[in-house]
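Presented below is the structure to which this report refers.
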Amino acid sequence: MIEEKNIILTTLNSRFSHSSLSLRYLFANLKELKDSAKILEFVINSQNQTIVEEILLYKPKIVGISTYIWNASDVAQIVKYIKLISPNTIVILGGPEISHLPHRVDFESADYFIFGEGEVSLYNLCKNILGGIRPKDKIIQAKPVEFDKIALPYDYYTDFDIKNRHIYIESSRGCPFTCEFCLSSIDSTMRYLPIDVFLNEIDKLWNRGARNYKFIDRTFNLKISYAKAILEYFLAKDEDCFLHFEVIPDNFPQELRELLKQFKAGSLQLEVGIQTLNLEVAKNINRNLRIDKIKDNLAFLDKETKAHVHIDLIVGLPSENIESFSANLDLLYTLSSGEIQIGILKKLSGTTLNRHDEIYGMVYNPNPPYDILRNNLIDFSLMQDMKRFARFWDIVYNSGNFIKTSKLLFKDGKIFDNFFDFSKWIYKRSESTHKISLDRVAEYLFEYLSKMYDEELIIKTILDDVMVIDGRKIPPFLKKYKKYEKDFIQIEQNKSNKRQILRKENNE
């Protein structure tokens, strides 16, 4: 028998391995209402009617849904189902996709929208509704919370979460930078938890067995004293762990470097926001770049640490043509052996990107994820090519599965040009950008590279890449090459299948 709950807090995460920090913050701050509240988490691409069925099993009076770019369309449908089936259930929406007008997805079936940080506002709204008071205004304008005064969420990660999911944590809120494509630029005031309070929360999670932490601080290395204290905490532990940080690329003083150098391979992932290396493009979107610092710090991370580096680069920024993007990619490839994550510009609600629309002819998808379709410098056809380029780049280069083979593609240093030609060819050959198996990718690479290299060299290079993982089989297409049959022997290797370790080891 399911216990009825007055309040259901829910969302759709983008993957099963993800967990919702926002729901746990909201739950933690419900005070006396917590006993009659429950968190339910789902995953996108689930059946929305089944999600609604599970929510309504608890006969809730209130359903609160955290809404993001990846789940907005599903949330809109779920709200409509809830109001059709249980019209007296009050639906409250919050989250980044709700907090800014105009809404580009039809959420009008919802009863209330909370704009901004909802920890205090949701509690007040739920208390009023359950007390028989229905606010007249549909939009609740939430003020930024006093970050060091609200209840923290970490006790509400379950043992199942700790064992199976990423544990999201934050020591700060806000971002001092004003990059126009980013929602974080809206909240420019930095707010920190007292470091002893934060470390105590981490310690409680650690003692419960948490070893996989993803920090959502937008600028982890902005306040070096905090970054040092957190890194020192984990370095003092005897057991291995995995840490993910978002870092700014130009602030790695020597004291921070000395700590980063101490982390083992596979334990540290740094997401470095570059976006563009073109100073004029960066200035146009209010992004400050210190190129010399960036080059020096990327070289340090690549040569002197075992951190897995994930560098962000964006296609479609206002005033950036394809030649500029090409130069960015070619340069970044020489600066780091880490992943270069190629993203497509998205026009997020609440940002100021729309001021460029008329000047640069910016045209965006009206539906989530609001990705750019074309502008005056990159037409629709080329933008489509670049979206496929980004997908194949991830499959071939970023995956870590074809590090050595990729170098055959890039033999003359023309990284962008050569991969662009390859991505056009492989799309024509496969007629797809998804659900392409590792063996099939290897076969396509062999076929494409056969125009440029000796057969034996290509086979040896592909085998070196594919067989680096213990337990893999030789790609079936190679078995027709009988003259190499004696060489097709899998060498046992004691190597992790983690992407970050693969990339480091293959580039040493």
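Both the sub-6.0 Å distance and the 45° axial angle are not jointly satisfied by Lys204 relative to the ring of Tyr154. A cation-pi arrangement is present between Arg257 and Phe300, with the terminal nitrogen or guanidinium carbon under 6.0 Å from the aromatic centre and inside a 45° cone about the axis.
A salt bridge is absent between Asp217 and Arg173; no separation between the charged side-chain nitrogens and carboxylate oxygens falls under 4.0 Å. For Arg208 and Asp159, the salt-bridge test passes: some basic side-chain N is under 4.0 Å from an acidic carboxylate O. Comment: Glu3 engages Lys5 in a salt bridge, judged by a side-chain N to carboxylate O separation of less than 4.0 angstrom. Using a 4.0 Å cut-off between a side-chain N of Lys or Arg and a carboxylate O of Asp or Glu, Asp357 and Lys347 qualify as a salt bridge. At a threshold of 4.0 Å, the pair Arg191-Glu117 counts as salt-bridged, since one of the basic side-chain nitrogens sits closer than that to a carboxylate oxygen. A salt bridge between Lys214 and Glu246 is absent, with no side-chain N of the basic residue lying under 4.0 Å from a carboxylate O of the acidic one. Taking 4.0 Å as the cut-off between side-chain N and carboxylate O, Lys283 and Glu280 do not count as a salt-bridged pair.
Under the 6.0 Å cut-off for aromatic ring centres, Tyr364 and Tyr370 do not qualify, their centroids lying 6.0 Å or more apart. Ring centroid separation for the pair Phe392 and Phe419 does not come in under the 6.0 Å cut-off.
A pairwise comparison of heavy atoms in Leu21 and Tyr157 identifies CD1-OH, 3.5 Å as the closest pair. For Ala37 against Phe27, the heavy-atom pair with the smallest separation is O-CE1, 3.6 Å. Taking every heavy atom of both residues into account, Thr433 and Arg391 meet most closely at O-NE, 2.7 Å. In terms of heavy-atom proximity, Leu125 sits nearest to Pro135 at CD1-CG, 3.6 Å.
Although no hydrogens or angles enter the test, the distance criterion places a donor-acceptor pair under 3.5 Å between the side chain of Lys138 and the main chain of Glu108. Under the 3.5 Å distance criterion, the side-chain polar atoms of Trp206 are left unmatched by any main-chain donor or acceptor of Glu201. With Ser399 contributing its side chain and Ile395 its backbone, the two residues share a donor-acceptor pair below 3.5 Å. In this structure, the side chain of Ser46 engages the main chain of Val43 through a donor-acceptor pair within 3.5 Å. No donor-acceptor pair closer than 3.5 Å links the side chain of Asn212 to the backbone N or O of His166. Using a distance-only test at 3.5 Å, with no hydrogens or angles considered, no donor-acceptor pair links the side chain of Thr276 to the main chain of Val281. Judged purely by atom type and a 3.5 angstrom limit, Ser267 has no side-chain atom pairing as donor or acceptor with the backbone of Phe263. In this structure a side-chain-to-backbone donor-acceptor pair under 3.5 Å is present from Thr10 to Leu40. Side-chain atoms of Asp148 do not come within 3.5 Å of backbone N or O of Leu193 as any donor-acceptor pair. Without hydrogens or angle criteria, Thr351 side chain to Leu348 main chain gives a donor-acceptor distance under 3.5 Å.
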Test side-chain hydrogen bond (donor to acceptor under 3.5 Å, both in side chains) applied to His308 and Glu339, step by step: CA-CA 8 Å; His308 171 57; Glu339 290 184 41; 2.8 Å; yes
Test side-chain hydrogen bond (donor to acceptor under 3.5 Å, both in side chains) applied to Tyr123 and Lys34, step by step: CA-CA 10 Å; Tyr123 164 72; Lys34 280 192 292 187; over 6 Å; no
Glu53 and Tyr81: CA distance, side-chain angles, deciding distance, side-chain hydrogen bond (donor to acceptor under 3.5 Å, both in side chains) verdict: CA-CA 9 Å; Glu53 177 187 18; Tyr81 283 140; over 6 Å; no
Steps toward side-chain hydrogen bond (donor to acceptor under 3.5 Å, both in side chains) verdict (Glu271, His244): CA-CA 7 Å; Glu271 185 170 346; His244 172 101; 3.2 Å; yes
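For the atom pair CD1 of Ile285 and CD of Glu320, the computed distance is 8.0 Å after rounding to the nearest 0.5 Å. Taking OH of Tyr68 as the start and OG of Ser20 as the end, the distance is 4.5 Å to the nearest 0.5 Å. Remark: Leu345 CG to Met362 CE distance equals 5.0 Å, nearest 0.5 Å.
Residues satisfying the side-chain hydrogen bond (donor to acceptor under 3.5 Å, both in side chains) criterion with Thr11, sequence neighbours excluded, are Asn71.
If you run ring-ring contact (aromatic ring centres under 6.0 Å, His included) between Phe220 and each of Phe215, Tyr226, Tyr213, only Phe215 comes through. With Asp250 as the fixed residue, the salt bridge (charged side-chain N to carboxylate O under 4.0 Å, His left out) test singles out one of Lys293, Arg287, Arg290, Lys295: Arg290.
For the residue pair Tyr427 / Asp385, no side-chain donor-acceptor distance below 3.5 Å is found, with atom types taken as modelled.
Aromatic ring orientation, Tyr360 versus His356: tilted (interplanar angle from 30° to 60°).
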